[in-house]
2 protein chains.
Amino acid sequence: MRPGRTTPFALLGMLRLGPQSGYALRRELSAAAGLFWSESYGQIYPGLRELTRRGWAKRRVERGAGGGPRGRVRHRYEMTPKGARALQAWLALPPRRSAPRDELLLKLYLGDRDTVDAPSGWVRRLLLEETDRLRQVRRMMEILPRGTHAHRSLRHWLMALEFVERQSEASVAWCQRTLSTLELMQEANARRRTALQRRSPME
Amino acid sequence: MRPGRTTPFALLGMLRLGPQSGYALRRELSAAAGLFWSESYGQIYPGLRELTRRGWAKRRVERGAGGGPRGRVRHRYEMTPKGARALQAWLALPPRRSAPRDELLLKLYLGDRDTVDAPSGWVRRLLLEETDRLRQVRRMMEILPRGTHAHRSLRHWLMALEFVERQSEASVAWCQRTLSTLELMQEANARRRTALQRRSPME
DNA sequence: CCATACATGTAAAGGGTTACATGATTAA
DNA sequence: TTAATCATGTAACCCTTTACATGTATGG
């Protein structure tokens with residue numbers, strides 16, 4: 001399997017904490033690692049099929065209360081010993097870094113000297129999002145040691161969260177600084193405009 | 001055009017600084033914005049074709065020194081007024097954030113309590129990369145104001161670079177802290193192993 | 001009865017990288 | 001002459017999101 005295929009391994013990694021349905025897998029992954037990893041159903045269900053095809057997971061079909069032919073069908077996936085070995089091998093491989101792609105920064109770079117209003121709106125939105133993210137990650141780091149969440153290593157989990165925390169702190173600081181710079185530029189633009197108007201009035 | 005299509009607009013944005021060939025476009029984009037944006041040829045050439053198809057850029061075919069039917073063919077793209085309007089409209093749109101996807105953090109989270117050696121190697125590598133990145137961005141921020149690089153707004157460019165700087169600083173700090181934590185865990189593991197060995201020696 | 005969460009999936013479209021293929025120009 | 005850089009492009013694959021489709025169980 002190519003090193004790019006991370007989704008099946010992410011699922012396998014979550015299965016190590018116990019057998020789960022596709023739906024629950026996504027919920028747990030997003031609750032535990034949503035701040036630094038995300039998966040959509042369009043990847044999860046095909047990914048689970050691939051795991052069973054490779055013999056890395058077994059699928060058990062369970063039926064709801066009725067037990068008969070009708071009623072809700074639920075698939076519970078369980079990691080096999082072969083899957084555990086595959087996961088260990090993948091975990092030992094060095095992680096791939098993704099190429100940098102930040103559309104906000106690109107737009108900032110490509111923008112004009114006098115394009116100030118739109119960017120300041122984006123930065124303000126980013127500030128709100130990152131502030132919230134920071135609140136989230138700090139709350140998680142606080143409750144995790146007392147909590148009952150299943151995990152393989154609390155320390156490693158906290159390390160990952162600490163990375164998110166530091167990145168968010170940096171983002172927040174940048175937003176605040178950038179916002180004040182943009183404000184100064186807005187004022188300068190406004191002065192420039194009134195000066196031009198005085199020289200060549202429209203009225 | 002769907003909001004996801006950023007590549008053609010990135011190209012258009014670079015064309016605003018002057019007519020360029022596809023090859024030069026990539027070189028310039030990577031030199032100016034490579035720290036926060038990247039494009040590969042697999043996107044650039046189809047992207048340029050799309051720009052001409054939409055009438056946002058004009059393609060001029062130039063021939064090398066010979067001038068005859070043989071010799072190197074070079075395509076120089078030039079933004080049209082229509083392209084300028086399309087770019088302005090796109091620039092005004094709020095930037096899309098990409099979903100968080102950090103494989104290092106995922107592997108950290110999915111890893112075992114006793115899996116310490118591999119991660120510390122990755123973190124050490126990241127520390128080197130981020131230190132280098134920090135050097136690069138600081139050098140750029142220093143020489144840019146004196147330099148002769150074409151740009152639309154030096155201030156906006158510096159803002160984008162400052163974001164990269166802060167993110168890299170945060171990464172470096174995290175790497176250092178995490179490395180020392182991992183070292184402590186390694187020592188604890190080693191102690192645990194020798195203690196086990198003392199109780200049940202292999203010899 | 002209604003909204004929400006549980007639950008499983010598919011199809012289409014698009015986004016993006018990598019490897020391949022080919023050759024000209026230029027400086028050492 | 002040889003290596004690096006300039007230059008253009010394609011094909012194959014893979015990754016990913018989004019929208020759609022369908023229904024059950026549960027709590028208010």
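Per chain, numbering begins at 1; letters A, B, ... match sequence-line order.
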*Can B:Glu162 and B:Arg166 be counted as an ion pair, charged N to O under 4.0 angstrom?*
yes
*May I ask you to say what B:Ser40 touches in the nucleic acid, namely base, sugar-phosphate or nothing, with a heavy-atom cut-off under 4.0 Å?*
base
*Measure the distance from CZ on B:Arg26 to P on D:dG9 and round it to the nearest whole Å.*
16 Å
*Interatomic distance, A:Arg76 CZ vs C:dC6 C1' [rounded to whole Å]*: 13 Å
*From the list D:dA7, C:dT8, C:dA7, which nucleotide is the closest neighbour of the side chain of A:Arg27?*
C:dA7
*For the residue pair B:Trp56 and B:Phe9, is the inter-centroid distance of their aromatic rings smaller than 6.0 Å?*
yes
*OP1 or OP2 of D:dT17 less than 4.0 angstrom from a side-chain nitrogen or oxygen of A:Gln43, does that happen here?*
yes
*Looking at B:Leu154 and B:His151, what are the two nearest heavy atoms and their distance?*
N-CD2, 3.3 Å
*Write down the distance between CG (B:Leu11) and C1' (D:dG9), rounded to a whole number of angstrom.*
15 Å
*Name the closest nucleotide to the B:Tyr23 side chain, picking from D:dT18, D:dT8, C:dA7.*
D:dT8
*Nucleotide nearest A:Arg49 when distance is taken to its side chain, options C:dG14, C:dT8, C:dG9*: C:dG9
*Among the candidates D:dT8, D:dT17, C:dT8, find the nucleotide nearest to the side-chain atoms of A:Ser38.*
D:dT17
_Please pick, from C:dG9, D:dT17, D:dT8, the nucleotide with the shortest atom-to-atom distance to any side-chain atom of B:Tyr45._
D:dT8
*Separation of D:dG9 P from B:His75 NE2 (nearest whole Å)*: 5 Å
*If you check the B:Ser21 side chain, which of D:dG9, C:dA7, D:dT8 turns out closest?*
D:dT8
*asked:* Does A:Gly22 reach a base, just sugar-phosphate, or nothing at all? Heavy atoms under 4.0 Å.
replied: sugar-phosphate
*Separation of C:dG9 P from A:Arg74 CZ (nearest whole Å)*: 13 Å
*Identify the heavy atoms of B:Glu103 and A:Trp37 that sit nearest to each other, and give their distance.*
N-CZ3, 3.8 Å
*Would one find a side-chain N or O of A:Thr7 under 4.0 angstrom from OP1 or OP2 of D:dT16?*
yes
*asked:* Does this structure show an ion pair linking A:Arg26 with A:Glu39, if we count only N-O contacts that are shorter than 4.0 Å?
replied: no
